[in-house]
Amino acid sequence: MKNFSLHCYLWLLALLVTPLGALHAELPPGAYEELKQEAKEVLNLKIEKVTRVRGDDQIYYHCQAKVNQVERSAHGYKKGDVVTFETWLLSADAKKNFAGPAVPPKLPVGWSGKVFLNPPESDPNAKDAEDADVLQLAAYGRSFEPDKKKRRRRKRQQK
């Protein structure tokens with residue numbers, strides 16, 4: 001009987017702790033790297049314009065950026081082209097209970113770096129023809145690698 005009680009307590013503890021682990025769940029190890037490797041567009045971009053497009057808890061933005069360098073492009077983008085991609089942020093309330101992949105960083109105008117993107121998924125019910133050319137993040141919040149030169153410069157300025 002004593003073993004049964006201890007067993008029950010352990011099961012109850014496991015049931016209580018399990019949901020807490022799920023609150024901050026991310027993708028399994030290596031998943032982000034795999035998504036980056038599979039990205040159709042790997043472009044070095046400089047953000048020229050950021051526009052909020054929709055959302056309250058999960059807020060979506062369109063970033064218009066100029067291509068500085070092309071590492072890989074299924075579409076055929078070239079240096080100097082202008083592309084638009086969608087990114088998102090979470091409101092303070094939504095962050096509290098968010099369970100999912102890495103949240104993208106807030107990108108200001110002037111940010112530059114490598115971005116891993118994919119073409120938009122075709123949606124027959126899409127309302128905006130404009131959204132048909134908006135690229136999507138390939139590796140969620142890990143789709144961005146800031147320029148190393150600018151990071152070094154910022155570190156020197158902070159000292």
- Query: Considering residues at least two apart in sequence or located in another chain, which fulfil the side-chain contact (heavy atoms from CB on, under 4.5 Å) criterion with Pro105?
  - Reply: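 Pro105 satisfies side-chain contact (heavy atoms from CB on, under 4.5 Å) with Leu107, Phe144 once adjacent residues are dropped.
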- Query: Can you name the side-chain contact (heavy atoms from CB on, under 4.5 Å) partners of Lys49, sequence neighbours left out?
  - Reply: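 Only Thr51, Gln64 meet the side-chain contact (heavy atoms from CB on, under 4.5 Å) criterion with Lys49.
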- Message: Can you tell me which residue among Leu43, Asp133, Ile47 is in a side-chain contact (heavy atoms from CB on, under 4.5 Å) with Phe85?
- Response: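 That would be Ile47.
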- Message: Check for me, please, whether Val82 and Leu117 land in the same ILVMFWY cluster - side-chain distances under 4.5 Å, paths through other members count.
- Response: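 No; Leu117 is not reachable from Val82 via cluster members.
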Distance (rounded to the nearest 0.5 Å) between [X] [atom1] and [Y] [atom2]:
{"X": "Phe116", "Y": "Glu33", "atom1": "CZ", "atom2": "CD", "value": "7.5 Å"}
{"X": "Tyr61", "Y": "Leu89", "atom1": "OH", "atom2": "CG", "value": "5.0 Å"}
{"X": "Asn97", "Y": "Leu90", "atom1": "CG", "atom2": "CG", "value": "11.0 Å"}
{"X": "Cys63", "Y": "Leu45", "atom1": "SG", "atom2": "CG", "value": "9.5 Å"}
{"X": "Lys66", "Y": "Lys79", "atom1": "NZ", "atom2": "NZ", "value": "8.5 Å"}
{"X": "Ile59", "Y": "Arg54", "atom1": "CD1", "atom2": "CZ", "value": "12.0 Å"}

- Decide whether Glu34 and Tyr32 meet the rule of one side-chain donor and one side-chain acceptor closer than 3.5 Å.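 There is no such pair between these side chains.
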- Message: Looking only at side-chain N and O atoms, does Asn68 offer a donor or acceptor that is under 3.5 Å from a partner on Asp147?
- Response: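 No, because no side-chain N or O of Asp147 sits under 3.5 Å from a partner of the opposite role on Asn68.
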Using side-chain heavy atoms (C-beta onward) and a distance below 4.5 Å, is [X] in contact with [Y]?
{"X": "Leu135", "Y": "Thr84", "value": "no"}
{"X": "Lys114", "Y": "Val42", "value": "yes"}
{"X": "Val103", "Y": "Tyr140", "value": "no"}

- Glu48: what forms a salt bridge (Lys or Arg N to Asp or Glu O under 4.0 Å) with it, not counting sequence neighbours?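 Partners of Glu48 under the salt bridge (Lys or Arg N to Asp or Glu O under 4.0 Å) test: none.
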For the side chain of [X] and the backbone of [Y], is there at least one donor-acceptor N/O pair under 3.5 Å apart?
{"X": "Arg142", "Y": "Glu145", "answer": "no"}
{"X": "Glu41", "Y": "Pro119", "answer": "no"}
{"X": "Asn118", "Y": "Lys40", "answer": "yes"}
{"X": "Arg72", "Y": "Ala39", "answer": "yes"}
{"X": "Gln136", "Y": "Val134", "answer": "yes"}

- Query: So does Lys36 have more than 12 non-hydrogen atoms from other groups sitting under 6.0 Å from NZ?
  - Reply: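 Yes, enclosed.
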- Please name the pair of heavy atoms, one in Val53 and one in Glu86, separated by the smallest distance, quoted to 0.1 Å.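 Heavy atoms of Val53 and Glu86 come nearest at CG2-OE2, 4.4 Å.
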- Dump the intermediate steps for side chain to side chain contact (heavy atoms under 4.5 Å, CB included) on Val67 and Asn44, then the final yes or no. CA-CA 6 Å; Val67 177; Asn44 188 295; over 6 Å; no
